[in-house]
Amino acid sequence: MYGTVLNSWKVVWVVLADDAIEFYKKKTDNSPKGMIPLKGATLTSPCQDFTKRTLVFKISTAKNQDHFFQATHLEERELWVKDFKRAITCLQGGKKFARKSTRRSIRLPENVNLSELYVLMKDQDNGVKELKVEKDKRLFNHCFMGNTVIDWLISEGKARNRPEGLMLATGLLNEGFLLPAGDVSKDGAEKGAECVFLDQTEALYYFADSGFFCEGYSSDEDVIMKEEFRGAIVKQGCLLKQGHRRKNWKVRKFILRDDPAYIHYYDPTKGEDDPLGSIHLRGSVVTAVEYVPDAKRQEVDGNLFEIITSDEIHYYLQAATADERNDWIKAIQSVAKTGK
């Protein structure tokens with residue numbers, strides 16, 4: 001988010017309330033640092049006010065105050081913009097914005113637990129398999145086809161037939177467990193007041209917390225990808241990282257890849273064209289720690305972990321929550337053992 005007072009970009013945790021946008025310094029904070037009222041606001045996306053920045057959109061309030069936001073990837077921006085537009089439209093009609101109840105709108109049975117169904121669907125051995133799909137000169141990573149989801153629901157006994165499967169899949173889509181990837185599925189999701197899941201091979205979807213990403217590619221085989229970027233993305237997200245020289249802490253976006261085992265880190269406000277650095281994880285050790293040498297107590301607030309590479313370089317990182325720290329440690333440990 002771009003601060004209009006200090007004229008600088010800051011990474012913040014954003015929450016869409018019923019009539020405003022609240023933003024927090026970090027996810028675990030109890031009270032917001034600020035609030036942007038949405039009544040009478042307008043939204044501009046894409047926003048071209050910053051020529052060197054991509055994925056920027058702007059909220060202009062009724063009092064003509066401009067607030068700029070930058071997403072980490074295209075799909076994220078589109079999802080935020082969609083919800084912000086719906087919230088502004090609701091307020092213009094004299095209503096408060098609230099996501100519709102999937103259970104009421106598509107009459108899901110009361111005994112259906114979408115969270116549990118999502119966990120089963122993500123199971124690496126028995127769940128829906130994630131694929132790389134080439135379509136329209138783009139490569140979609142960690143996604144799957146709409147008809148594959150319906151096939152899985154029927155084969156696992158979660159739905160008796162395809163109409164029932166479509167009802168469950170639509171519920172997962174409306175609640176944000178599944179997200180549309182590509183033009184076909186996005187068109188379906190935009191139709192009407194509720195998202196529509198498509199039982200088609202052309203419709204692509206992905207798990208909300210997966211390593212999904214989309215990239216363009218050249219049909220000519222003269223573009224050779226740098227070796228350390230060849231691995232499939234296992235996990236990505238933002239963490240605090242301690243600098244090696246000044247020992248100060250900054251938010252960085254991390255992308256973890258396997259085979260070869262690398263984790264790259266980026267300035268989240270500048271996109272993913274050039275990483276600030278990379279860590280080769282083969283043979284490294286990662287553990288949770290309670291404190292960091294050379295760090296002032298007030299600079300860190302728990303959920304710390306350390307990566308020690310095979311050549312004895314130490315990296316100190318901080319997650320937003322204990323669960324997030326555990327997830328990162330498990331993912332990095334797995335890649336460090338199996339990746340080359």
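The chain is numbered in sequence order, starting from 1.
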Quiz prompt | Worked check of side-chain contact (heavy atoms from CB on, under 4.5 Å) between D327 and K235 | solution = CA-CA 9 Å; D327 288 345; K235 187 174 176 62; 4.0 Å; yes
Count I, L, V, M, F, W, Y as connected when their side-chain heavy atoms are under 4.5 Å apart, and connections chain through other members. Are [X] and [Y] then in the same cluster?
X: I308; Y: F305; value: no
X: Y206; Y: V119; value: no
X: F254; Y: I313; value: yes
X: V128; Y: V112; value: yes
X: V285; Y: I332; value: no

Practice problem: Show your reasoning for whether side-chain contact (heavy atoms from CB on, under 4.5 Å) applies to V184 and Q200. | Solution: CA-CA 9 Å; V184 175; Q200 300 175 13; 3.8 Å; yes
Can you tell me how far [atom2] of [Y] sits from [atom1] of [X], rounded to the nearest 0.5 angstrom?
X: K253; Y: L276; atom1: NZ; atom2: CG; value: 13.0 Å
X: L178; Y: K122; atom1: CG; atom2: NZ; value: 10.5 Å
X: L317; Y: W328; atom1: CG; atom2: CH2; value: 9.0 Å
X: N147; Y: E202; atom1: CG; atom2: CD; value: 10.0 Å
X: D83; Y: L43; atom1: CG; atom2: CG; value: 11.0 Å
X: F177; Y: M121; atom1: CZ; atom2: CE; value: 10.5 Å

Taking the side chain from [X] and the backbone from [Y], do they hold a donor-acceptor pair closer than 3.5 Å?
X: S155; Y: D151; answer: yes
X: R325; Y: L304; answer: yes
X: D258; Y: A232; answer: yes
X: T148; Y: F144; answer: no

Exercise. Evaluate side-chain contact (heavy atoms from CB on, under 4.5 Å) for L281 paired with I307, printing each intermediate quantity in order.
Key: CA-CA 9 Å; L281 296 172; I307 300 173; 4.1 Å; yes
Could you tell me which non-hydrogen atom of [X] sits nearest to which non-hydrogen atom of [Y], and how far apart they are?
X: M145; Y: L131; value: CE-CD1, 4.4 Å
X: Q236; Y: I233; value: NE2-CG2, 4.2 Å
X: G231; Y: P260; value: N-CD, 4.0 Å
X: A261; Y: V335; value: CB-CG1, 3.2 Å
X: F68; Y: K58; value: CE2-CD, 3.3 Å
X: A20; Y: M35; value: CB-CG, 3.5 Å

I want to check something: taking the side chain as every heavy atom from C-beta on, are [X] and [Y] in contact at a cut-off of under 4.5 Å?
X: I21; Y: L38; value: yes
X: Q318; Y: L239; value: no
X: Y24; Y: V12; value: no
X: N303; Y: E324; value: no
X: W80; Y: F69; value: no
X: L153; Y: L117; value: yes
X: V133; Y: L204; value: yes
X: W249; Y: V292; value: yes

For the pair [X] and [Y], name the ring-plane relationship: parallel under 30°, tilted 30 to 60°, perpendicular over 60°.
X: Y205; Y: F197; result: parallel
X: Y266; Y: H264; result: tilted
X: Y118; Y: F207; result: perpendicular

Quiz item: Taking the six-membered ring of Y265, is NZ or CZ of K241 closer than 6.0 Å to its centre and within 45° of its axis?
Solution: yes
Quiz item: Please walk me through it: do E164 and K158 pass salt bridge (Lys or Arg N to Asp or Glu O under 4.0 Å)?
Solution: CA-CA 9 Å; E164 275 193 10; K158 305 301 179 185; over 6 Å; no
Self-check item: Residue K63 excluded, over 12 heavy atoms near NZ under 6.0 Å
Solution: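 Open.
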Practice problem: Step by step, work out the side-chain contact (heavy atoms from CB on, under 4.5 Å) result for R257 and V234. | Solution: CA-CA 5 Å; R257 292 180 170 90; V234 175; 5.9 Å; no
With the threshold set at 4.0 Å, does a side-chain nitrogen-carboxylate oxygen contact exist between [X] and [Y]?
X: E22; Y: K33; value: no
X: D267; Y: K250; value: no
X: D19; Y: K39; value: no

Practice problem: Using the ring pair (Phe, Tyr, Trp, His ring centres under 6.0 Å) rule, collect all pairs that involve residues 148-176, keeping only residues at least two apart or in two chains. | Solution: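 Qualifying pairs: none.
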